2 protein chains.
Amino acid sequence: MEKFVPILKKTKLFSGVGEDDIGKMLSCLDARLVTYKKGEYVIRQGERIADILILVEGSLHIQKDDYWGNRSILGQIGIGEIFGEAYAAPESGPVLNDVVAVEDSTVLFFDVNRVLSTCSSACRFHTMVVQNLFFAISEKNRGLVQKLQHMSRRTTREKLLSYLSEESKRQNSSSITIPFNRQQLADYLSVDRSAMSNELCKMRDEGLLVFEKNRFRLNQA
Amino acid sequence: MEKFVPILKKTKLFSGVGEDDIGKMLSCLDARLVTYKKGEYVIRQGERIADILILVEGSLHIQKDDYWGNRSILGQIGIGEIFGEAYAAPESGPVLNDVVAVEDSTVLFFDVNRVLSTCSSACRFHTMVVQNLFFAISEKNRGLVQKLQHMSRRTTREKLLSYLSEESKRQNSSSITIPFNRQQLADYLSVDRSAMSNELCKMRDEGLLVFEKNRFRLNQA
DNA sequence: ACAATTCGGTTGTATTTACAACAGAAAGGC
DNA sequence: GCCTTTCTGTTGTAAATACAACCGAATTGT
C-alpha cells in the first residue's frame, strides 16, 4: 500500500499533508487496497457503500443502464480522483450508477466514519483531510450547478449564451478562452456538434460575438 | 439569536444535537445573525464568502442574470435550509449567483473554518455537525447528478425514460409514484409541458407504460 | 514534404420541439 | 349545487434540432 503514497500526496484529499503523515494515516483511516481486472465492477448500481474511494492505478468508467437496457457513459475517473463520497452518507440510499474498470485498476477504500471522526492526536492532519474532503465535494457541486444551468436552457443558442456569458464573468473579461474544442463543448452542453457550429456562426453573423478556435469575444447588444 | 435554536434543531446541520448544545455551539461557530428587507441581496454574484448560511426566517431566491441581462430563477431557499456551503472553500472563486430576499428574511452566518476545525472539548457535538455538513452537501450532490443525467438526454422521450426508469429502480418497483404534477415534471426536465404530455400519451399508446395522475407503471419492452 | 487524422463549418432533410390556443376533467371554495 | 381554478390532454404551426454527409483547413506524425 505504501507504494501509492506519492500518488495520494497529489490528490485533493491529502493536499497539504506530507508523505510520512499520509503513511501513518492509512491505518487510522482503515484504508483497504482492492484490485480489479479490466471489465470488473468496482461499484454496482443498487449497492450501498460507506466508503470514500480513490483510484490509484488504472482507469474507471461511471456508467448507467436504464430500465430498457440502454447504456450511457456518464464520466471517467482518472488516477488520484476521489469518488463514491456522495453515497457515503448513511441515508444516501443505494448507488445509482455502475463503476467499471476499463483497464486493470487499483482502488483505495477509506471508511467514511474514520475519515469524518477526528481521531487521536496521532493524526496531526486529520482536520485538514476533513476540510479537503469538504472542499473536494464542494468543487464537484459547483461544477454540477454550472452545468445544470447551461443545460436547462431550451435552445442551443441559449445554452451557448449561458455558458459563454458565465465564462466571461468568471474570467472577468469579454474575451475568453474555453477549455473545449467544438466537439467537447457540444458534449458538455449536450447538443449536436454541427448544429452548435451552425448556431455559433449565426451568432457571429448577427454580431453577438466573434471567435477563433477556442477564443471568444462577446459583444454588448 | 437564541430564539432561533428550535428552528436550528430541525435543520440538517444540527440534526441529532440538542437545543442546549446548539445554544452553546453558536458562539463557538462564530454565528452571526443578519436581517434583510424584501428585495435586498444576501449574496451578490462575484462576491467571495467564507461562511455557511442557514435561513431562519423568510424566503430567498437563487437567481442569475446573464451577460445580456436576462434573469432566471434557479431555486428557492426555505426556512432551515443550508446554502452558500459550496462556495466556502478558499479556492472556490467568486459566487456565480445572486441570492435575494423575496420577503423580509433572517440569515445565520457560520464561519466555515470554525465549523470544519473541531474546537475544544466544550463542543461535544462538533464532530457530528461536521458529518451532518458533509451529508447535506452529499445529498445536494446526488440530486444534481440525477437531474443532470435526465437533462443530458436529447429528446423529451429519452428524458422521461431516464427519469422514470431511475425512479423505478429507486422505488424498487415498476409501479411508481412521482412527487410532481405535469407542469413540475416538465420544469424539472426542462421541457415543454404540452409536448411532454403529448409524448407521454404516445408512449402509453405504444405500450411502454401506463399512468394515472402521478402514478406510473413501466412495462418491459 | 507527405499522408493521415482531427477539427470546424456547411448543407439538406426528417424528426422533434416550443408555443399558443383550446377543451374536458378534476379539484377546491363558497 | 355552482363557480372558479387547476390540471391534463389535444392539435396545428413555426421553429429548432439531430443526423448524415461532405469539404477544406489545420494539425500531427513520420
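Everything numeric here is computed off the predicted structure, so don't read it as measured data. Below, chain A is the first sequence line, B the second, and so on; all start at residue 1.
Salt-bridge formation is detected for the pair A:Glu167/A:Arg170: a Lys NZ or Arg NE/NH1/NH2 atom is positioned less than 4.0 Å from an Asp or Glu carboxylate oxygen. Ion pairing between A:Glu212 and A:Arg204 fails under the 4.0 Å rule for side-chain N and carboxylate O. Here B:Lys12 does not pair with B:Glu81 in a salt bridge; the nearest charged N to carboxylate O distance is not below 4.0 Å. Under the 4.0 Å criterion applied to side-chain N and carboxylate O atoms, A:Asp51 and A:Arg32 are assigned as salt-bridge partners. Using a cut-off of 4.0 Å between Lys/Arg side-chain N and Asp/Glu carboxylate O, A:Lys38 and A:Glu103 are scored as not salt-bridged.
Looking at heavy atoms from C-beta onward, A:Arg217 lies out of side-chain contact with A:Leu209 at the 4.5 angstrom threshold.
Ring centroids of B:Phe180 and B:Tyr188 are separated by less than 6.0 Å, placing the two rings close together.
First and last contacting nucleotides of DNA chain D toward chain A (any atom under 4.0 angstrom from a heavy atom, 5' to 3' order): D:dA16 to D:dT27.
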Sugar-phosphate means primed atoms, P, OP1 and OP2; the rest is base. With that split, encode nucleotides 7-18 of chain C 5' to 3' as B, S or - using protein heavy atoms under 4.0 Å. SBBBB----SSS
